[in-house]
Amino acid sequence: MARAMLEPDFWNRTLQNWQSELLAVASMAILAIYLRQRGSSQSKPVGTSHAATGVEG
């Protein structure tokens with residue numbers, strides 16, 4: 001195991017995986033913020049209390 005960590009191919013694959021995970025998480029966070037700010041029907045208004053979550057009517 002220790003020898004594999006010295007191989008350049010190991011670090012290349014590890015960094016590529018890290019970059020893809022970071023890109024995926026960042027894009028989901030940005031999209032969630034954008035949808036909340038745009039008044040998505042899937043999220044409650046920004047100032048509403050937690051108790052008011054749910055379907056109205």
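Note that these values count all heavy atoms, side chains included, but never hydrogens, waters or copies made by symmetry.
The CG atom of L15 sits 12.0 Å away from atom CG of L22, with the distance rounded to the nearest 0.5 Å. Atoms CZ and CD, from R13 and E7 in turn, are 10.0 Å apart once rounded to the nearest 0.5 Å.
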Test side chain to side chain contact (heavy atoms under 4.5 Å, CB included) applied to N17 and S20, step by step: CA-CA 5 Å; N17 187 39; S20 66; 3.8 Å; yes

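L23 forms part of no hydrophobic cluster, judged by ILVMFWY side-chain heavy-atom separations under 4.5 Å.
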